[in-house]
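When a ligand or atom number is given, it counts from 1 through the structure's own listing order. Every heavy atom of this structure was used, including side-chain atoms; hydrogens, water molecules and symmetry mates were not.
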Amino acid sequence: MLILGIETSCDETGIAIYDSDTGFIEHSLHSQIAMHKEYGGIVPELASRDHIKRILPMITDVLTKAKKTKHDIDAIAYTKGPGLMGPLLIGGCVAKSLALGWNIPAIGVHHMEGHLLIPMLGNTEIQFPFVGLLVSGGHTMLVEATDYGSYKVLGESVDDAAGEAFDKVANMLGLDYPGGPAIQKHAQSGNPKRFRFPRPMTNRPGLDFSFSGLKTHTLNAIADCKKNANFNDQSIADIAYAFEIAVVDTLTIKCKRALEATGCSRLVIAGGVSANTRLRESLVQATAKLNAKVIYAPVDLCTDNGAMIAYAGYYRLRNNIKDDSPTEINPQPRWPMDSISY
Ligand code: KG4
Ligand code: ZN
């Protein structure tokens with residue numbers, strides 16, 4: 001079965017084809033980062049216009065690269081939410097129009113379910129139960145996944161998402177967006193002994209997260225350096241390290257807790273922040289001590305992409321879930337993860 005996946009929840013147009021028989025993925029991604037850069041954040045209207053401009057040529061391009069035609073496609077999966085209303089509407093409109101014209105089903109996919117399942121690409125069957133750590137620019141949560149569509153939220157951020165904290169701290173340090181890769185790079189030459197930042201909400205029970213206090217702590221460290229006239233490259237690297245390791249330790253402590261609380265022996269990490277090398281290393285070590293296994297996607301499939309939507313769409317279709325109406329477009333800018341049903 002061939003599924004065309006369309007991702008347009010935010011500032012990336014992602015198109016992919018997933019072949020369920022061979023596991024083959026052909027995908028193409030356009031990031032709008034450069035376009036939004038001069039505004040210091042994503043401008044939803046510009047994002048929408050850019051998706052409109054790129055989406056059809058990219059679909060044609062992916063079909064050509066995969067040596068397929070529209071007649072080979074069995075279903076179209078698209079991001080139904082959560083995300084920005086305009087971009088979601090565009091992906092939804094294109095997906096449903098093509099599906100209607102090609103006489104195939106359209107499948108609305110939850111963006112975070114796409115992130116959660118894509119690390120399992122290449123496994124013939126996804127094995128439940130597992131604990132999922134979802135860490136992206138918009139979400140930080142721990143879920144217990146017991147079946148397709150059965151995701152119990154165990155804990156989440158009460159303020160900033162982990163990726164958002166990376167982006168804001170990078171901005172304070174004068175580093176480029178997206179902040180995660182920039183902080184990871186600078187942290188490599190950081191002195192681990194110079195600063196120790198707090199590990200928020202780890203000294204009390206529970207699986208929720210909070211990153212805004214850590215952000216303020218980081219801002220104060222930057223202000224101190226500036227006051228003492230030593231805000232130089234080494235200080236940037238030292239602060240980047242202290243921030244990164246504080247986030248990594250915090251996420252690791254909570255993942256261990258979630259594995260112990262649920263009795264699961266598999267931890268799936270997903271979303272843009274799961275590309276972080278130090279986080280991966282830390283979780284590999286922590287899970288080994290619990291006789292558990294950590295599973296993550298290749299770096300290029302951690303951040304937003306069309307492959308994760310095609311892949312999650314395949315599992316929805318296999319469970320006989322598809323859009324009821326061929327014409328109704330019903331984006332869900334806010335869509336709680338635990339209300340996805342199969
Ligand atoms: O999943 P994603 O592409 O988009 C959302 O759904 O939000 O995640 C983007 C986030 C950004 O905040 C970015 O800074 C972060 O993922 N990120 C990273 C790394 N690569 C991307 N954070 C830490 N380390 C990285 N290597
Ligand atoms: Zn995402």
Side-chain angles (χ1 to χ4, degrees), residues 5-14 16 27 29-33 36-37 40-42 44 47 78-84 87-88 91 109-119 132-141 156-157 160-173 175-188 190 209 211 214-215 218 240-241 243-252 268-283 296-309 311-312 332-335 337:
I6 301 178
E7 155 62 27
T8 61
S9 67
C10 192
D11 61 343
E12 257 120 16
T13 317
H27 83 121
L29 190 72
H30 175 78
S31 165
Q32 303 174 353
I33 287 173
H36 296 292
K37 203 171 175 177
I42 295 160
Y78 65 97
T79 306
K80 184 174 171 179
L84 298 172
L88 288 174
V109 170
H110 192 291
H111 180 85
M112 298 312 289
E113 187 184 37
H115 276 305
L116 185 68
L117 300 186
I118 195 67
L133 171 71
L134 286 159
V135 270
S136 70
H139 295 83
T140 296
M141 53 177 142
E156 57 193 324
S157 178
D160 291 353
E164 189 182 357
F166 268 100
D167 295 335
K168 288 180 177 167
V169 165
N171 187 265
M172 293 174 200
L173 289 169
L175 305 177
D176 274 347
Y177 178 88
I183 289 190
Q184 171 170 312
K185 182 164 160 261
H186 286 266
Q188 279 166 6
F209 305 89
F211 293 107
L214 176 60
K215 207 176 58 191
T218 311
Y241 175 85
F243 171 78
E244 184 185 56
I245 195 74
V247 175
V248 166
D249 279 354
T250 304
L251 295 174
T252 304
V268 173
I269 59 167
V273 182
S274 70
N276 186 275
T277 310
R278 213 178 293 276
L279 177 64
R280 291 172 172 215
E281 286 167 1
S282 170
L283 287 173
Y296 42 75
V299 168
D300 65 331
L301 295 183
C302 289
T303 44
D304 292 350
N305 62 81
M308 68 188 208
I309 302 303
Y311 191 61
Q332 302 288 314
R334 289 180 188 278
W335 188 3
M337 179 95 189

Peer 1: Could you tell me the residue and atom name of the protein heavy atom closest to atom 24 (N) of ligand 1, and the distance to it rounded to 0.1 Å?
Peer 2: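 Result: N276 ND2, 3.0 Å.
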Peer 1: Are the side chains of S274 and H115 in touch, meaning some heavy atoms are under 4.5 Å apart?
Peer 2: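 No. Closest side-chain heavy atoms not under 4.5 Å.
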Peer 1: Using the side chain to side chain contact (heavy atoms under 4.5 Å, CB included) rule, pick out the option among N276, V247, L175 that qualifies with I183.
Peer 2: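 Single pass found, and it is L175.
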Peer 1: Among all protein heavy atoms, pick out the one at the shortest distance from atom 25 (C) of ligand 1; state its residue, atom name and that distance to 0.1 Å.
Peer 2: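 For atom 25 (C) of ligand 1, the nearest protein heavy atom is G180 C, 3.6 Å.
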Peer 1: If I take atom CG from residue L116 and atom CD1 from residue I269, how far apart are they, to the nearest 0.5 angstrom?
Peer 2: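 Interatomic distance, L116 CG to I269 CD1, rounded to 0.5 Å: 11.5 Å.
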Peer 1: So, do P87 and Q32 sit near enough that their side-chain heavy atoms are less than 4.5 Å apart?
Peer 2: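 SC-SC contact between P87 and Q32 ruled out.
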Peer 1: Atom 3 (O) of ligand 1: which protein heavy atom is closest, and how many Å away?
Peer 2: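 In this structure, atom 3 (O) of ligand 1 has D304 N, 3.0 Å as its nearest protein heavy atom.
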Peer 1: Do S31 and E12 come within less than 4.5 Å of each other through their side chains, counting heavy atoms only?
Peer 2: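 In contact.
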Peer 1: Taking 2.8 Å as the upper limit, name the protein N, O or S atoms near the Zn ion (ligand 2).
Peer 2: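 N, O, S partners closer than 2.8 Å: H111 NE2, H115 NE2, D304 OD1.
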Peer 1: For atom 21 (C) of ligand 1, which protein heavy atom lies nearest, and how many Å away is it?
Peer 2: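 Protein heavy atom with the smallest distance to atom 21 (C) of ligand 1: G272 O, 3.4 Å.
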Peer 1: Over 60° means perpendicular and under 30° means parallel, so classify the ring planes of H110 and W335, tilted if in between.
Peer 2: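 Ring orientation, 0 to 90° scale: tilted.
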Peer 1: State, yes or no, whether a side-chain contact exists between F243 and H186 at a heavy-atom distance under 4.5 Å.
Peer 2: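 Sidechains of H186 and F243: no contact.
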Peer 1: Which atoms of ligand 1 sit under 4.0 Å from any heavy atom of G179?
Peer 2: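 Those qualifying, in numeric order: 14 (O).
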Peer 1: Considering heavy atoms of the protein only, find what lies nearest to atom 26 (N) of ligand 1 and give residue, atom and distance to 0.1 Å.
Peer 2: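 I find the closest protein heavy atom is Q184 OE1, 3.0 Å.
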Peer 1: For G163, counting its heavy atoms only, list the atoms of ligand 1 lying under 4.0 Å from any of them.
Peer 2: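 Per the distance check, 12 (O).
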Peer 1: Using a strict 4.0 Å cut-off to heavy atoms of G138, name the atoms of ligand 1 that fall inside it.
Peer 2: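 Once the distances to G138 are compared, the set is 7 (O).
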Peer 1: For atom 14 (O) of ligand 1, find the nearest protein heavy atom and state the residue, atom name and distance (0.1 Å precision).
Peer 2: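 Answer, as residue, atom name and distance: D167 OD1, 2.7 Å.
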Peer 1: Between Y78 and T8, is there a side-chain heavy-atom distance shorter than 4.5 Å?
Peer 2: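 T8 vs Y78: side chains apart.
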Peer 1: Should you measure from each heavy atom of H115, which atoms of ligand 1 turn up under 4.0 Å away?
Peer 2: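 Those atoms are 1 (O), 6 (O).
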Peer 1: Please compare C302, A170, G137 and report which has the shortest non-hydrogen distance to atom 9 (C) of ligand 1.
Peer 2: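 Minimum heavy-atom distance to atom 9 (C) of ligand 1 goes to G137.
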Peer 1: Would you say the side-chain atoms of Q184 pair up with the backbone N or O of T277, donor to acceptor, closer than 3.5 Å?
Peer 2: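 Between the backbone of T277 and the side chain of Q184 there is a qualifying donor-acceptor contact (under 3.5 Å).
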Peer 1: Out of H111, E113, E7, Q332, which residue meets the side-chain hydrogen bond (donor to acceptor under 3.5 Å, both in side chains) rule with T79?
Peer 2: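 One option only clears the test, and that one is E7.
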Peer 1: Between H111 and ligand 1, which residue portion shows a heavy-atom distance shorter than 4.0 Å: side chain, backbone, both, or neither?
Peer 2: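 Under 4.0 Å from ligand 1, H111 contributes side-chain atoms alone.
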Peer 1: Nearest 0.5 Å, please: how far is NZ in K80 from CD1 in I309?
Peer 2: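 Atom-to-atom, I309:CD1 and K80:NZ are 13.0 Å apart.
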Peer 1: Could you list the residues that satisfy side chain to side chain contact (heavy atoms under 4.5 Å, CB included) with K168, not counting sequence neighbours?
Peer 2: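 K168 satisfies side chain to side chain contact (heavy atoms under 4.5 Å, CB included) with D160, E164, K215 once adjacent residues are dropped.
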